[in-house]
Amino acid sequence: MTNSVRTRFAPSPTGYPHVGNIRTALFAWLFARHYEGSFIVRIEDTDVTRKVKGAVEAILDSLRWLGLDWDEGPYFQSERLEIYHKAAKRLVSQGDAYYCYCSPQRLKEMRAEQVKHKQPPGYDRHCRDLSQEERAQKEAEGVIPVVRFKTPLEGQTGFNDLIWGDVVFDNSTIDDFILLKSDGYPTYHLANVVDDHLMGITHVLRAEEWLSSTPRHLLLYQALGFKPPQFAHLPMLLGAGRAKLSKRHGAVSITEYREQGYLPEAMVNFLALLGWSRDDRTEVLSRQELIDNFSLERVSRTAAIFNRDKLNWMNGVYIRSLALEDFTQRALPFLNKGLPLEVERPLPMEYVRQIMPLIQERARTLAEVPELAQFLFVDELDYAPSLLIAKNMSQVSTVKALELAKQRLEQLEVFDAESLEAMLRPLAVELGLKTGQLFGTLRVAVTGQIAAPPLFQTMAVLGKERCLRRIEVALAKL
RNA sequence: GGCGCAUUCGUCUAGGGGUUUAGGACACCUCCCUCUCAAGGAGGAGAUCACCGGUUCGAAUCCGGUAUGCGCUACCA
């Protein structure tokens with residue numbers, strides 16, 4: 001089917017996958033899936049100097065983690081050099097490109113001069129009209145040339161961006177950009193255009209920063225005789241203060257979010273809402289709902305700031321919506337990693353399953369699970385004795401309450417939440433205490449914390465023995 | 001410097017000439033629920049829609065200018 005939509009994600013492996021890039025991938029993927037088209041991954045590894053080891057795997061891993069499955073690829077541009085060479089050569093022989101022998105040194109000086117005279121920096125087209133002889137001489141000198149595009153000096157190049165509408169540029173503002181570098185690698189412009197054509201890409205969804213380069217690409221498509229795809233430039237992603245998203249705004253690499261315990265579902269949902277909206281009220285959308293509803297018409301044109309708070313909230317929503325067993329399985333690696341070393345491994349799964357319902361409602365990220373659950377695993381609780389004494393209580397009344405509670409607890413046969421509640425509520429009355437006072441004291445004794453999951457359930461999962469022992473320890477502290 | 005683009009509550013956004021006293025969400029505050037926390041429920045505060053001018057009976061919505069921000073202006077992508 002020749003009309004079917006084909007989009008691509010074409011990252012450059014110069015670092016770990018940035019959330020901004022991944023958001024771009026997400027949109028391209030959603031667009032392809034919405035139209036039941038194909039999503040292609042292409043690695044644009046044409047900058048040898050900036051290539052980072054392991055980046056490709058990290059990028060692919062991230063896509064897999066988020067469930068952004070691809071239908072073709074990954075293709076590697078570094079393996080397609082001949083194709084670009086052929087294209088460049090063809091452009092030269094057609095008269096649409098030329099060899100440039102200018103040294104980096106000369107270019108640098110030229111630019112400095114231009115800036116000094118407040119002129120727009122750009123190549124001065126020194127080699128554009130070199131004669132046969134001049135070229136032969138440079139070749140003889142052993143100068144390895146680059147190939148530059150012979151940009152039309154006049155006229156305009158415009159296009160209709162699916163998101164930004166009509167955009168027009170004067171060709172005179174575009175210089176003779178490089179197509180093929182002297183190391184034999186193509187620049188983005190050449191490789192991208194050639195590959196998008198060869199791979200049958202129908203819609204190019206890419207970051208906004210490419211908007212100004214699009215006329216060059218269009219000019220290239222024209223010179224090459226290729227039909228250009230449709231373009232859709234996505235708004236950028238920024239950090240707090242509208243600054244470029246960077247480390248100081250928290251994680252920028254998607255892999256870090258994974259390590260910090262964010263769910264891929266939440267991440268996808270959250271990222272989708274950065275620059276796109278379904279309507280004026282829907283915040284939580286499943287993967288399928290995202291696919292069903294996605295459209296470029298609803299993509300915004302303004303840069304979005306990555307809002308951690310909202311991500312945290314959304315992640316909590318997704319965590320709470322998980323089936324218990326699912327949550328347990330996902331939390332387990334975090335528990336194993338985050339619980340103190342003294343806690344014996346492997347963790348007792350029967351016990352883990354019992355405590356998970358208490359934790360699931362309270363965790364916003366999986367990384368919070370160990371700290372929320374720690375008191376349920378460790379043998380010794382570390383807390384200030386003063387915490388045991390509740391509001392309007394004294395040491396004496398606290399000791400009395402704890403002792404009586406201990407006594408009654410020892411007699412309790414069935415140690416479940418209902419029985420505990422049935423026993424402890426009247427006990428508060430008996431002691432002349434408010435439930436908050438008694439329960440608060442017990443909570444600290446049993447959990448070492450003033451904030452914890454509901455007391456009766458907590459005590460039930462801890463079990464009679466452990467509770468009694470902890471109360472004894474508390475009494476000893478007083 | 002040149003070219004391009006953008007500008008609605010702190011943030012993400014809805015809005016596409018009158019139905020808007022500009023709606024929702026996060027965060028924040030209050031109250032309710034309640035053994036604490038979390039979750040949930042009900043409220044509150046928060047945007048003269050960057051500014052100026054124009055078009056129009058009527059503009060956040062259309063047009064122009066200004067300001068600010070961002071992007072591109074590399075043998076980086």
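Convention: sequence-line order gives letters A, B, ...; per-chain numbering from 1. All figures in this text were calculated on a predicted structure; none of them were measured in a lab.
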Counting Watson-Crick and G-U wobble pairs only, both distances under 3.5 Å, name the nucleotide matched with [N], or none.
N	answer
B:U56	none
B:U19	none
B:A45	none
B:G40	B:C32
B:A25	B:U11
B:C3	B:G71
B:A50	B:U66

Qualifying residue for ring pair (Phe, Tyr, Trp, His ring centres under 6.0 Å) with A:Tyr188, from A:Phe177, A:Trp210, A:Tyr84: A:Trp210
Per side chain to side chain contact (heavy atoms under 4.5 Å, CB included), A:Pro186 is matched among A:Leu180, A:Asp195, A:Ile178 by A:Leu180
With the side chain counted from C-beta on, respond yes when A:Leu273 and A:Met314 share a heavy-atom pair under 4.5 Å apart, and no when they do not. yes
Evaluate the side-chain proximity of A:Arg135 to A:Tyr101: yes if any heavy-atom separation is below 4.5 Å, no if none is. yes
Tell me the interatomic distance from [X], atom [atom1], to [N], atom [atom2], rounded to whole angstroms.
X	N	atom1	atom2	result
A:Arg281	B:C12	CZ	C1'	15 Å
A:Arg301	B:C12	CZ	P	15 Å
A:Asn307	B:C12	CG	P	8 Å
A:Arg298	B:C12	CZ	P	17 Å
A:Leu433	B:U36	CG	C1'	16 Å
A:Glu283	B:G23	CD	C1'	12 Å
A:Leu234	B:A6	CG	P	15 Å
A:Leu273	B:A25	CG	C1'	9 Å

Could you tell me whether [X] contacts a base, only the sugar-phosphate backbone, or nothing, with contacts defined as non-hydrogen atoms closer than 4.0 Å?
X	value
A:Ile305	sugar-phosphate
A:Phe270	nothing
A:Val168	sugar-phosphate
A:Gly316	nothing
A:Ala452	base
A:Pro235	nothing

If we take the [atom1] atom in both [N] and [M], what is their distance in whole Å?
N	M	atom1	result
B:G23	B:A60	P	14 Å
B:A14	B:C62	P	14 Å
B:A45	B:C29	P	16 Å
B:U8	B:C3	C1'	28 Å
B:C57	B:A42	C1'	42 Å
B:G2	B:G46	C1'	40 Å
B:C51	B:U7	C1'	11 Å
B:U48	B:G4	C1'	31 Å

Test log, rule side-chain hydrogen bond (donor to acceptor under 3.5 Å, both in side chains), inputs A:Tyr318 and A:Asn269: CA-CA 10 Å; A:Tyr318 274 88; A:Asn269 193 157; 2.5 Å; yes
Could you check whether the rings of A:Phe159 and A:Phe169 sit parallel, tilted or perpendicular, using 30° and 60° as the cut-offs? parallel
Parallel, tilted or perpendicular: ring planes of A:His189 versus A:His217, cut at 30 and 60 degrees: tilted
Is the base of B:G1 touched by the side chain of A:Gln114 through a donor-acceptor pair closer than 3.5 angstrom? no
Using heavy-atom distances to pick each residue's nearest nucleotide on RNA chain B, tell me which of A:Leu274 and A:Gly436 is more 5'. A:Leu274
Among the nucleotides B:A14, B:C26, B:A6, whichever has the atom closest to the side chain of A:Asp309 is B:C26
Show, in sequence, the C-alpha distance, side-chain angles and deciding distance for A:Lys310 and A:Glu283, and conclude whether the salt bridge (Lys or Arg N to Asp or Glu O under 4.0 Å) test is met. CA-CA 10 Å; A:Lys310 189 154 183 175; A:Glu283 304 285 341; 2.9 Å; yes
So is A:Arg148 actually on top of A:Tyr123's ring, under 6.0 Å and inside 45° of the axis? yes
Is the terminal nitrogen or CZ of A:Arg80 (NZ for Lys, CZ for Arg) located under 6.0 angstrom from the six-membered ring centre of A:Phe76 and within 45° of that ring's axis? no
Are there any protein N/O atoms within less than 3.5 Å of an N/O atom in nucleotides 17-21 of chain B, and if so, which ones and at what distance?
none

Listed partners of A:Tyr98 passing ring-ring contact (aromatic ring centres under 6.0 Å, His included), at least two apart: none
Would you please test A:Gln260 and A:Phe334 for side-chain contact (heavy atoms from CB on, under 4.5 Å) and show each step? CA-CA 9 Å; A:Gln260 288 172 14; A:Phe334 287 86; over 6 Å; no
Check nucleotides 38-43 of chain B against the protein and report each pair of N or O atoms closer than 3.5 Å, with its distance, or say if there are none.
| unit_1 | atom_1 | unit_2 | atom_2 | d |
| --- | --- | --- | --- | --- |
| B:A38 | O2' | A:Glu361 | O | 2.7 |
| B:A39 | O3' | A:Arg320 | NH1 | 3.4 |

Using the test side-chain hydrogen bond (donor to acceptor under 3.5 Å, both in side chains), find all partners of A:Asp326 that sit at least two apart in sequence or belong to another chain. A:Arg330
Would the A:Phe294 and A:Phe27 ring centres measure less than 6.0 Å apart? yes
Which letters describe nucleotides 62-77 of chain B, given B = protein heavy atom under 4.0 Å from base, S = only from sugar-phosphate, - = neither? ---------BSSSBBB
Using residues 363-378 of chain A as the side-chain source, report each donor-acceptor pair under 3.5 Å to any protein atom, sequence neighbours left out, with the distance given to one decimal.
| unit_1 | atom_1 | unit_2 | atom_2 | d |
| --- | --- | --- | --- | --- |
| A:Thr365 | OG1 | A:Ala367 | N | 3.4 |
| A:Thr365 | OG1 | A:Glu368 | N | 3.3 |
| A:Glu368 | OE1 | A:Arg364 | N | 2.8 |

